[in-house]
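So you know, we letter chains A, B, ... as the sequences are listed, proteins then strands, and number each from 1.
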Protein chains: 2
Amino acid sequence: MATHHYQECLKLVPIFKSLSEADLTTIAAVIHPQQLKRGTILYQAEAEANTLYIVDAGQVKIYQLAANGREQLLRLLNPGDFDGEYALFTAAETHRSFAETVTAATVCEIRREDFQKLLLQYPQLSLRILSVLAARVQQLEQQTTRVTTETVETRLALYLLDTADAAKTDTLKLPMKKKDLATYLGTTPETISRKLSSFEAAGYIEQLPQKRIKIRDRDGLLFVS
Amino acid sequence: MATHHYQECLKLVPIFKSLSEADLTTIAAVIHPQQLKRGTILYQAEAEANTLYIVDAGQVKIYQLAANGREQLLRLLNPGDFDGEYALFTAAETHRSFAETVTAATVCEIRREDFQKLLLQYPQLSLRILSVLAARVQQLEQQTTRVTTETVETRLALYLLDTADAAKTDTLKLPMKKKDLATYLGTTPETISRKLSSFEAAGYIEQLPQKRIKIRDRDGLLFVS
DNA sequence: TCAAAACATTGATTTTGATCAAGTTTTGCT
DNA sequence: AGCAAAACTTGATCAAAATCAATGTTTTGA
């Protein structure tokens with residue numbers, strides 16, 4: 001069984017990469033996989049944080065709720081992504097955000113005590129996580145800067161370009177509902193609709209069925225502003 | 001000399017806390033202190049990142065510049081704070097932000113190679129930095145959420161309350177120019193002026209000379225919006 | 001497969017907060 | 001201490017995008 005879990009979860013996760021087979025088997029023993037259906041809450045704000053979550057299949061969204069009830073999508077976890085690590089270093093830490101499955105999903109869990117043992121046992125692991133956290137800090141800094149300094153139009157254009165680049169294609173598929181994209185970009189679904197239409201009218205993109213978007217004029221998008 | 005540097009910089013830095021005197025002396029040997037005058041750029045976006053900076057005295061601001069030239073203040077470093085660590089794990093990383101002294105300052109520098117040796121030598125160090133980075137991720141997530149979901153008025157009110165709480169006083173001193181506070185909160189100096197005046201008119205705060213603000217009605221501030 | 005629910009679009013209106021401009025005060029350098 | 005430069009304030013105007021509302025279109029789960 002343990003070997004099976006390791007197949008499912010560990011192979012996917014960059015931070016565990018290049019550990020030996022034997023090590024992976026050890027780690028697999030402390031991993032608990034869960035089958036979850038769409039809409040399942042993995043954790044809530046204020047709850048005690050004592051588990052690392054690794055997504056094996058499906059999609060999980062991490063978001064915060066503002067005092068006024070508005071939702072802010074912080075990140076989408078895809079297979080191989082993980083979350084909760086920030087809570088594992090200091091005891092008695094609570095979550096600030098929510099984690100909820102967007103589709104049916106398989107999620108592997110590692111409990112704090114087990115994970116802390118792993119950290120001591122495999123010091124390279126700390127360095128891997130450091131580098132992942134450092135990347136996330138940079139990503140969040142960019143996000144904050146864009147939200148406060150660029151217009152919605154520019155943010156959307158940059159998002160489309162980034163997403164297309166990441167997929168190395170010019171026909172990208174929006175990885176989430178426009179409602180969620182709106183909270184991610186700090187705007188509303190209505191504004192997204194309108195801006196996409198105006199990009200299309202300007203000949204920068206073409207909107208295809210099923211959330212697919214074809215980029216026709218990169219430079220046009222780049223210089224909206 | 002080295003012992004002197006250690007006095008100046010190391011004692012202040014939480015991540016080095018609880019290391020032995022001998023260890024601190026070792027570390028002190030690789031630390032290079034710099035006397036800098038106000039307005040000095042420590043690093044710029046695009047430049048290669050190969051140094052960890054520890055602030056010994058004075059204040060340093062970390063900010064990004066948007067394509068349209070607008071500035072986004074990301075964080076203010078006070079004595080004991082450090083920056084640049086994200087760049088130390090992967091080689092050939094470049095800066096995305098700018099670091100500039102706001103006042104005359106003393107800044108200690110540790111070069112990448114030296115720092116990497118320290119990480120190997122003192123594994124606890126990685127864990128400390130992990131916890132600092134995790135805290136920064138949480139702080140940035142909150143920042144992003146607030147900027148996208150709350151009004152300027154609410155953000156400013158929350159900032160005042162947070163700052164007062166941190167200082168455990170109800171007469172806080174704004175730690176930066178309003179111009180910088182404006183970019184931090186994602187607004188303009190004009191709007192800050194106006195909102196502070198309206199808070200004062202409503203009896204929530206009292207504006208005192210020298211950037212000091214007395215909070216008169218916490219609940220009033222809390223329920224603006 | 002179908003109906004209900006969730007999601008998306010389009011239009012009209014309103015609001016927040018940015019911008020521009022012109023004074024006033026504060027700061028910091030010699 | 002004195003003075004130039006930077007920072008701040010206040011007012012008038014404008015623009016971007018949110019909100020409200022009504023309709024159309026996908027999704028999804030029974």
Which part of the nucleic acid, if any, lies within contact of [X], taking any heavy atom under 4.0 Å across all strands shown: a base, the sugar-phosphate backbone alone, or nothing?
X	answer
Glu190(A)	base
Gly186(B)	sugar-phosphate
Arg70(A)	sugar-phosphate
Lys195(A)	sugar-phosphate

>> side-chain hydrogen bond (donor to acceptor under 3.5 Å, both in side chains), that's the test. Do Gln72(B) and Gln64(B) meet it? Break it down for me.
In response: CA-CA 5 Å; Gln72(B) 164 70 40; Gln64(B) 288 190 333; over 6 Å; no
Can you measure [X] atom [atom1] to [N] atom [atom2] for me and round it to whole angstrom units?
X	N	atom1	atom2	value
Ile192(B)	dT9(D)	CD1	C1'	13 Å
Glu71(B)	dA7(D)	CD	P	10 Å
Asp180(B)	dA6(D)	CG	P	14 Å
Arg38(B)	dA6(D)	CZ	P	9 Å
Arg194(B)	dA18(C)	CZ	C1'	9 Å
Gln210(B)	dG28(C)	CD	P	11 Å
Ile213(B)	dC8(D)	CD1	C1'	13 Å
Leu181(B)	dA6(D)	CG	C1'	17 Å

Taking the side chain of [X] as its heavy atoms from C-beta onward, which of [options] lies nearest to it?
X	options	answer
Lys178(A)	dA8(C), dA7(D), dT9(D)	dA8(C)
Thr188(B)	dA8(C), dT19(C), dG17(C)	dT19(C)
Ser193(B)	dT19(C), dT9(D), dT9(C)	dT9(D)

> For the side chain of Arg38(B) and the backbone of Thr103(B), is there at least one donor-acceptor N/O pair under 3.5 Å apart?
Replying inline: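 Judged by distance alone, no pair lies under 3.5 Å.
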> CZ of Arg128(B): more than 12 outside heavy atoms within 6.0 angstrom?
Replying inline: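 More than 12 within 6.0 Å, yes.
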> Phosphate oxygens OP1/OP2 of dT10(D): is one of them under 4.0 Å from a side-chain N or O of Ser197(B)?
Replying inline: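 It does, given that an N or O in the side chain of Ser197(B) lies less than 4.0 Å from OP1 or OP2 of dT10(D).
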>> Taking 4.0 Å as the cut-off, does a side-chain nitrogen or oxygen of Thr191(B) come that near to OP1 or OP2 on dG17(C)?
In response: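 No, no such contact exists.
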> Shortest non-hydrogen contact from Gln143(B) to Tyr184(B)?
Replying inline: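 Here Gln143(B) and Tyr184(B) meet closest at NE2-O, 2.9 Å.
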> Of Val152(A) and Lys211(A), whose closest DNA chain D nucleotide lies nearer the 5' terminus?
Replying inline: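 Its nearest nucleotide being more 5', the pick is Val152(A).
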> Run the salt bridge (charged side-chain N to carboxylate O under 4.0 Å, His left out) check on Glu71(A) and Lys61(A) step by step: do they pass?
Replying inline: CA-CA 11 Å; Glu71(A) 188 177 312; Lys61(A) 69 174 177 180; 3.1 Å; yes
